[in-house]
Amino acid sequence: MSIKSLLASLLLISAASAQLSGHVGPTSSLSAKQVKTCSVLDYGGKVGSTDIGPAIQKAFDECVTKNSGSTLYVPAGNYGMQTWVTLKNGSKWAFRLDGLITRTATTGGNMIAIQGANDFEFYSANSAGGIQGAGYQCRNAGPRLIRMVKSTNFSVHDLILVDSPEFHLVVEAGSNGEVYNMAIRGADIGGSDGVDVWGTNHWIHDVEVTNRDECVTVKSPASNILVERIWCNQSGGSAIGSLSDGTAIEKIQYKNVYTNGGNQVFMIKSNKGSGYVRDVTLDTFMAHGTAYGLNIDQYWSSQTPGSGAGVALSDITFSNWIGYVNDGVARPPAQLICADGAPCTGITLKNMNLWSKTEKAVVKCESAYGSGLACIKSGTTHTAYSKVTQSISKPSGYVAPTVMPGDLKSGFATNAAIPTP
Ligand SMILES: *[C@@H]1O[C@H](CO)[C@@H](O)[C@H](O)[C@H]1NC(C)=O
Ligand SMILES: *[C@@H]1O[C@H](CO)[C@@H](O)[C@H](O)[C@H]1NC(C)=O
Ligand SMILES: *[C@@H]1O[C@H](CO)[C@@H](O)[C@H](O)[C@H]1NC(C)=O
C-alpha cells in the first residue's frame with residue numbers, strides 16, 4: 001500500500017484550510033512543464049555513474065534555464081553523487097527524479113539545493129526516486145539531502161529520503177510551498193530531522209518520518225503553516241523551535257499527528273530570547289510510548305540562552321489528544337514551563353487525554369496562564385510564578401491509543417545501512 005493510501009485509511013482526510021493564507025504549490029500544471037525534457041543522460045550523466053551531480057547542474061544550466069516549461073529528468077536507475085548542486089532561480093520547471101541517488105562524498109551543505117525557484121515541482125513519477133544518504137558512514141558530518149531555499153509556488157512530493165547524515169528536508173523561508181507523500185527514514189539518533197520548515201504559507205501533509213529527532217518542525221520566522229496527517233514512526237516527535245531572540249511565529253496549525261515512541265508528542269522549546277509565538281492550534285494527536293507528552297520548555301537546557309527575557313507564547317490551543325507517555329512522574333504527559341520574563345497566556349487544553357504507562361502521572365506549570373490543566377493559572381494578571389507540580393489521575397476520556405500496523409518497535413541502527421523502502 002502506498003504511504004498516501006495508508007495514511008488516508010488511518011487518519012481522517014480533511015481539506016487544507018484554516019491557517020493557510022492562499023494557494024500553495026506550482027501555479028502551472030505539470031504538463032506545462034513538459035514542453036522540453038532536459039535529461040541528465042544528454043548532459044554527461046549515465047545510469048550507474050559515480051557522480052551524477054555535474055550532469056544535473058549542466059542539464060539545469062544549459063537546458064532548464066534556457067527553456068521555459070522544462071523538466072530536468074533523472075531516469076530510473078542507481079546513481080552515485082559526490083558533487084552537490086545548487087539550482088538557482090528557475091521558473092516554470094520541474095525536477096523529475098525517478099532514479100535513486102546515493103551519497104558518496106562527505107562534503108557538508110546540501111546535496112540538492114533549489115534556490116529562488118518559482119512555479120516549480122520536484123517529484124518522482126515512479127515512487128522509487130529519492131536519495132540514499134548512507135548517513136551511517138558519516139553521522140552528523142555530511143550534507144543535508146534536499147533544501148528548498150527562498151522559493152515560491154512549489155511542491156515537493158512522492159520522494160524517498162533515507163538516512164541523511166544530517167537533516168533530510170529543509171524548507172527555508174519562501175512561500176506557497178506544498179510538501180506531501182514523502183517517506184523519510186532516518187537513524188535512531190539526534191541530528192536526523194525529518195522536515196524543518198519556515199517561511200509563509202506552506203502546507204506539509206501525508207509525510208512519514210522514522211528517526212530520533214524532529215519529525216516535522218516549524219522554525220522562525222513562520223506564518224500560515226499547516227502540517228497535517230503526519231506519521232512519526234519511532235521519531236523524536238514534532239516541535240516549534242528552537243526559539244531565541246527575534247522569534248516571529250504565528251498562524252500555525254498541526255492536525256492529525258500520530259507519534260510512536262520518541263522524545264515527545266510535541267514540544268515548544270526556547271531558552272530566554274524575545275519575540276512571539278501566537279495563534280497556534282494543535283488538534284487531534286495520537287501517541288504511544290513517548291518520553292514527554294505535551295512539553296513547553298522555555299528553559300530548554302540543550303539551548304544557549306538568548307538575550308531577551310523570554311519568547312512570549314499566546315493563544316495556543318491543544319485539543320483532542322490521546323495516548324500515553326512511558327513514565328508520567330519522571331516526564332509528565334503535559335508540562336508548561338513558561339519563561340518567567342514572558343509568562344504564557346491564552347494556553348488552552350481541551351479534551352486532553354494523555355496518560356502514563358505506569359498509571360501514575362504529574363503535570364507541571366510555571367508562569368503559564370490559560371485553562372484545561374490542573375496546574376495552570378487563570379486570570380487577567382499574568383505575573384511570573386515558580387514551578388508547580390501536581391499529581392493527576394487518569395483522564396476520564398482516556399482510552400488506549402490504536403497501535404498502527406507497521407509501527408517500528410525500535411528505531412533503525414545508527415551504524416549500519418538503512419534499507420531504502
Ligand atoms: C537570482 O535571483 C536573485 C534575486 O532576484 C538575484 O539576486 C540573483 O542574482 C539571481 N541569481 C542568478 C544566478 O541568476
Ligand atoms: C505565486 O502564485 C500566486 C498565485 O497563486 C501569484 O499571485 C504570485 O504572483 C506567484 N508568485 C510569483 C513570485 O510569481
Ligand atoms: C515504520 O517503519 C517500519 C520500518 O521501516 C516499517 O516497516 C513500517 O512500515 C513503518 N510504518 C509505516 C506506517 O510506514
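Every number for a ligand or one of its atoms is a count from 1 in the order of the listing. Note that the structure is a prediction, hence the values are computed from the model and not measured. Below, all heavy atoms of this structure are taken into account, side chains as well, without hydrogens, waters or symmetry copies. Numbering starts at 1 and runs along the sequence shown.
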What residue and heavy atom of the protein are closest to [atom], and at what distance?
| atom | answer |
| --- | --- |
| atom 12 (C) of ligand 1 | Asn89 ND2, 3.3 Å |
| atom 14 (O) of ligand 2 | Asn118 ND2, 3.0 Å |
| atom 3 (C) of ligand 2 | Asn153 ND2, 3.7 Å |
| atom 13 (C) of ligand 1 | Lys88 CD, 4.1 Å |

Inset, instruction - May I ask you to list the atoms of ligand 2 that are less than 4.0 angstrom from any heavy atom of His23? - result: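 Answer for ligand 2: 5 (O).
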
Legend entry - Under 4.0 Å to a heavy atom of Thr152 - the qualifying atoms of ligand 2, by number: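 Close to Thr152: 13 (C).
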
Inset, instruction - Sort out for me which residue in Tyr73, Tyr79, Tyr123, Phe122 forms a side chain to side chain contact (heavy atoms under 4.5 Å, CB included) with Leu97. - result: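 That would be Phe122; it is the only one of Tyr73, Tyr79, Tyr123, Phe122 passing the side chain to side chain contact (heavy atoms under 4.5 Å, CB included) with Leu97.
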
Inset, instruction - Have a look at Ser274 and tell me which of Asp245, Leu243, Val311 forms a side chain to side chain contact (heavy atoms under 4.5 Å, CB included) with it. - result: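 Among the candidates, only Asp245 passes.
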
Counting only heavy atoms on the protein side, is anything nearer than 4.0 Å to [atom]?
| atom | value |
| --- | --- |
| atom 5 (O) of ligand 1 | no |
| atom 1 (C) of ligand 1 | yes |
| atom 9 (O) of ligand 1 | no |

Inset, instruction - Report, as yes or no, whether the 6.0 Å neighbourhood of atom NZ on Lys272 holds more than 12 heavy atoms from other residues, nucleotides or ligands. - result: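 No, the 6.0 Å shell around NZ holds no more than 12 heavy atoms from other groups.
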
Inset, instruction - Scan side-chain atoms only and decide if Gln137 and Arg103 contain a donor-acceptor pair under the 3.5 Å cut-off. - result: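 Their side chains do contain a donor-acceptor pair, which is all the 3.5 Å distance test asks for.
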
Legend entry - Aromatic plane relationship, Phe266 with Tyr254 - under 30° parallel, 30 to 60° tilted, over 60° perpendicular: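 Plane angle over 60°, so perpendicular.
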
Inset, instruction - Answer yes or no for Cys365 and Cys338: SG-SG distance under 2.5 Å. - result: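 No disulfide here.
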
Inset, instruction - State, with a plain yes or no, whether a side-chain heavy atom of Cys375 is found less than 4.5 Å away from one of Gln335. - result: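 No, every pair of side-chain atoms sits at 4.5 Å or beyond.
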
